[in-house]
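As structure tokens, the structure follows; a few thoughts come after it.
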Amino acid sequence: MENILKYIGTALFGLAAYLQPTFPFMAVCTVAVLYDVVSAWRLARRARAAQPGKASGKFKSSAMGKVMVTLTKVYGLIVLAYLIENVVFEGMNMRLPNIAAGAVCFWQLCSILENEASCNNSKWARIARRILIDKTARHFDIDLNELKNEPKTKC
């Protein structure tokens, strides 16, 4: 049993050493995702202040599960980009992990801007909502179809 644990540990440390160049990208993307979480929480607080009976403004554990799934997907994307660059396009120096991390950070920045502009009466937020979606309704404890007077769909 002790030898098996040594082999497993050696394999894991070897894999970590091989993937070590991806760690800075993962760190930057983690910060971006966590900043998005904070901006979503701030939106929930603004929604609660605007409509006290309709929004809780609390952090939900189900949201943390979504964050973990998102981070797992992001890490997988970065590792896949690294492997494609180093195995498939060996020697071409395409910087695929940089591109993947940049795309993730751009996605998160858009989400952060949507969160900060939602349920916000400042002038910049009103202008931003013309091109960004308003996420306020996601934080109310009501069915959005009731607001739209549309029949519920299963989509």
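The figures that follow rest on heavy atoms only: side chains count, while hydrogens, waters and symmetry mates do not.
- Taken together through direct or relayed side-chain contacts under 4.5 Å among Ile, Leu, Val, Met, Phe, Trp and Tyr, Ile8 and Leu15 form parts of separate hydrophobic clusters.
- Both Ile4 and Leu12 are part of a single hydrophobic cluster, where members link through side-chain heavy atoms under 4.5 Å apart.
- Atoms CE and OG1, on Met68 and Thr70 in that order, are 10.0 Å from each other to the nearest 0.5 Å.
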Worked check of side chain to side chain contact (heavy atoms under 4.5 Å, CB included) between Val104 and Trp107: CA-CA 5 Å; Val104 168; Trp107 163 44; 4.2 Å; yes
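- In this structure, Lys66 NZ and Leu71 CG are separated by 14.5 Å, a value rounded to the nearest 0.5 Å.
- Hydrophobic clustering, with ILVMFWY side chains joined whenever heavy atoms are under 4.5 angstrom apart, groups Val74 together with Leu19.
- Arg42 places no side-chain N or O within 3.5 Å of a backbone atom of Glu116 that could act as its donor or acceptor partner.
- Remark: side-chain polar atoms of Arg46 are paired, donor with acceptor, to backbone N or O of Ser118 under 3.5 angstrom.
- Leu96 and Val87 sit in two unconnected hydrophobic clusters of ILVMFWY residues. Membership requires side-chain heavy atoms under 4.5 Å apart, directly or through other members.
- Note that the OG1 atom of Thr10 and the CG atom of Leu5 stand 10.5 Å from one another [nearest 0.5 Å].
- Considering every non-hydrogen atom in both Ile112 and Asp36, the closest pair reads CG1-CA, 3.6 Å.
- Using a 4.5 Å heavy-atom threshold, the side chains of Val79 and Met26 count as touching.
- By the neighbour-count criterion of 12 heavy atoms within 6.0 Å, atom CD of Glu90 is sparsely surrounded, having that number or fewer from other residues, nucleotides or ligands.
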Candidate pair Tyr75 and Thr22, rule side-chain hydrogen bond (donor to acceptor under 3.5 Å, both in side chains), full reasoning: CA-CA 9 Å; Tyr75 298 160; Thr22 64; over 6 Å; no
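- Val38 and Leu34 end up in different hydrophobic clusters when Ile, Leu, Val, Met, Phe, Trp and Tyr side chains are linked at under 4.5 Å.
- Distance check, rounded to the nearest 0.5 Å: CG of Leu132 to CD1 of Ile127 gives 11.5 Å.
- A 6.0 Å sphere centred on CZ of Phe106 holds no more than 12 heavy atoms belonging to other residues, nucleotides or ligands.
- To the nearest 0.5 Å, the span separating CD1 on Ile78 from SG on Cys29 amounts to 3.5 Å.
- Between the SG atom in Cys105 and the CZ atom in Phe25 there is a gap of 10.5 Å [rounded to 0.5 Å].
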Pair Glu85-Arg95, salt bridge (charged side-chain N to carboxylate O under 4.0 Å, His left out): steps then yes or no: CA-CA 7 Å; Glu85 181 179 344; Arg95 302 215 181 258; over 6 Å; no
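- Annotation for Arg129: atom CZ counts as buried by contact number, over 12 foreign heavy atoms lying within 6.0 Å.
- Side-chain contact between Asn3 and Tyr7 is present, with at least one heavy-atom pair separated by less than 4.5 Å.
- Pairing each heavy atom of Tyr18 with each of Tyr82, the nearest pair is O-OH, 3.3 Å.
- Partners of Ser122 according to the side-chain hydrogen bond (donor to acceptor under 3.5 Å, both in side chains) rule, which considers only residues two or more places apart in sequence or in another chain, are Asn120, Trp124.
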